[in-house]
Number of protein chains: 2
Amino acid sequence: MSDKTTCDHIVEAADQLFYRQGYEHTSFSDIADAVQISRGNFYYHFKTKAEILDAVIDLRIGNTRKMLERWEGEAKHPEDRIKRYIHILLTNWSKIKYFGCPVGTLCTELAKLNHTSQEEASKIFTLFRTWLRQQFILLGHKKDADALAMHVLAWSQGVATLASTFHDKKFVSKEVKQMCEWLKSYTENATQTEYSTNQNK
Amino acid sequence: MSDKTTCDHIVEAADQLFYRQGYEHTSFSDIADAVQISRGNFYYHFKTKAEILDAVIDLRIGNTRKMLERWEGEAKHPEDRIKRYIHILLTNWSKIKYFGCPVGTLCTELAKLNHTSQEEASKIFTLFRTWLRQQFILLGHKKDADALAMHVLAWSQGVATLASTFHDKKFVSKEVKQMCEWLKSYTENATQTEYSTNQNK
DNA sequence: TTTGTTGTAGGACGGTCATCCTACACCTGC
DNA sequence: GCAGGTGTAGGATGACCGTCCTACAACAAA
């Protein structure tokens with residue numbers, strides 16, 4: 001906390017505001033108020049709003065990477081790891097209820113703005129995709145791993161979207177349960193022994 | 001075409017622009033340019049931007065209702081009707097590729113803006129939900145009908161979101177195929193005879 | 001012809017936005 | 001003490017936004 005720079009604080013505040021209000025609907029003043037900093041002083045840290053966005057995306061990529069690594073430490077079995085992903089829908093329910101999935105909603109917004117950082121934002125999705133794929137490979141689904149990863153991604157995305165529209169936790173719980181059952185059917189005939197903790201490179 | 005009022009043209013142009021650029025990112029000038037009308041003259045037709053949004057939502061509700069009725073005429077078997085819904089992902093691919101699902105993205109945006117018309121927009125979702133539920137009831141899944149409807153809704157939403165992020169048509173085709181297969185498993189043991197064309201009321 | 005309604009054109013308004021500039025406080029090294 | 005880098009404060013700028021107003025064209029009814 002003490003060693004965080006003003007720059008870090010700006011990016012963290014922007015991260016939250018972009019999630020809750022959207023990128024475009026968040027002004028410099030909003031961020032300035034959140035960080036308790038002079039509005040005009042932003043130029044010293046970030047030349048443009050797009051630069052803040054890129055920093056926010058980088059932050060999210062970093063945080064996601066850390067989270068995935070943590071999950072790998074906490075759960076050795078790939079099924080349990082994938083379950084961690086699925087369960088974000090419940091653990092982050094209080095936010096998802098109002099603002100949906102931070103990744104999906106950002107990508108959607110940037111697509112409509114035809115923003116330069118669209119591809120950069122999609123990298124957060126790709127991070128999850130690659131990680132999920134790796135888990136499915138470990139489960140023995142080498143050929144279908146990417147399709148399975150995309151399927152999990154899409155499923156959770158859809159649930160998040162409907163969750164924020166209807167604010168219905170029972171629906172989310174039901175879908176999470178279904179996803180876990182579906183996952184189980186892809187786990188049962190997998191060899192239990194040879195899971196490697198090593199990722200790609 | 002000839003009997004359309006200026007008002008209709010405004011709403012139709014706004015409908016398209018809200019879909020492609022988002023509600024907030026679309027200005028009065030944008031709509032005015034599209035309709036070839038004086039910018040300041042909007043006040044005569046719509047007192048506020050929110051009023052245009054409500055008109056757009058009403059238009060979408062009307063169009064959706066018409067489409068569902070058309071589907072009912074074209075397909076007598078509930079499975080085929082639900083398939084029509086699933087296949088929008090492919091028939092509207094050229095738009096979904098860039099802008100996602102018009103319903104989901106609007107609801108998501110309005111949620112972040114904390115806009116008054118959030119509930120109104122969610123009615124478009126509810127329209128699909130109710131219709132899908134009815135089809136599942138006709139398929140003999142009286143008890144689970146709503147959950148199944150929500151599942152189809154969520155699944156297609158997620159696919160649309162990832163489709164607009166990765167622009168990958170193969171993925172969409174694959175998921176559509178899977179959805180149809182999944183649907184089939186809920187159709188096979190349904191009684192083939194007694195499908196009623198009558199809806200609720 | 002006059003009156004009134006309906007619709008349009010174009011610009012004025014107050015506000016907000018991203019951006020940019022300048023003045024100033026703080027600190028470190030000389 | 002002084003110079004120079006680092007960070008901050010606060011306001012200026014110009015563009016754009018939603019909103020609103022007024023003048024005017026077109027047409028129908030009186």
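Computed from a predicted model, the values in this text were never measured in an experiment. The sequence lines fix the lettering, A, B, ..., with proteins before strands; numbering per chain opens at 1.
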Selection residues 112-138 of chain B - residue pairs positive for salt bridge (charged side-chain N to carboxylate O under 4.0 Å, His left out), sequence neighbours left out: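 Those involving residues 112-138 of chain B are Glu120(B)-Lys123(B), Arg129(B)-Asp146(B), Arg133(B)-Asp146(B).
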
Where at least one partner belongs to residues 156-177 of chain A, residue pairs that pass salt bridge (charged side-chain N to carboxylate O under 4.0 Å, His left out), sequence neighbours excluded: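 Listed by first then second residue: nothing to list.
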
Over how many whole Å does the gap from [X] atom [atom1] to [N] atom [atom2] extend?
X	N	atom1	atom2	value
Ile10(B)	dA9(C)	CD1	P	11 Å
Glu51(B)	dT19(D)	CD	P	9 Å
Asp33(A)	dA9(D)	CG	P	13 Å
His25(B)	dG18(D)	NE2	P	11 Å
Gln21(B)	dC16(D)	CD	P	15 Å
Leu53(B)	dT19(D)	CG	P	12 Å
Gln36(B)	dT8(C)	CD	C1'	14 Å
Asp30(B)	dC16(D)	CG	C1'	11 Å

query: Under the salt bridge (Lys or Arg N to Asp or Glu O under 4.0 Å) test, which residues partner Arg20(B), sequence neighbours left out?
result: none

message: The criterion is salt bridge (Lys or Arg N to Asp or Glu O under 4.0 Å); which residues satisfy it with Glu24(B), sequence neighbours excluded?
response: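 Partners of Glu24(B) under the salt bridge (Lys or Arg N to Asp or Glu O under 4.0 Å) test: none.
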
message: Please confirm whether the shortest side-chain N or O distance from Thr6(B) to OP1 or OP2 of dT8(C) is below 4.0 Å.
response: yes

message: Measuring from the side chain of Tyr44(A) (C-beta onward, heavy atoms only), which nucleotide among dT6(D), dC17(C), dT6(C) has the closest atom?
response: dT6(D)

query: Between dT8(C), dT8(D), dC17(D), which nucleotide has the shortest distance from any of its atoms to the side chain of Ser29(B)?
result: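 Looking only at heavy atoms from C-beta outward on Ser29(B), the closest nucleotide is dC17(D).
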
- request: Before accepting this row, confirm whether a basic side-chain N of the pair Arg84(A)/Glu74(A) lies closer than 4.0 Å to the acidic partner's carboxylate O.
  value: yes

Report all side-chain donor-acceptor pairs from residues 64-71 of chain A shorter than 3.5 Å, counting only partners two or more places apart or in another chain.
residue	atom	partner	partner atom	Å
Thr64(A)	OG1	Arg60(A)	O	2.6

field: Protein-to-nucleotide contact annotation, 5' to 3' order, nucleotides 19-27 of chain C [B base; S sugar-phosphate only; - none; under 4.0 Å, heavy atom]
entry: BBB------

message: Counting only heavy atoms not in Lys95(A) (residues, nucleotides, ligands), do more than 12 fall under 6.0 Å from its NZ?
response: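 12 or below, so no.
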
query: Which residue, Ser27(A) or His45(B), contacts DNA chain C at a nucleotide closer to its 5' end, judged by nearest heavy atom?
result: His45(B)

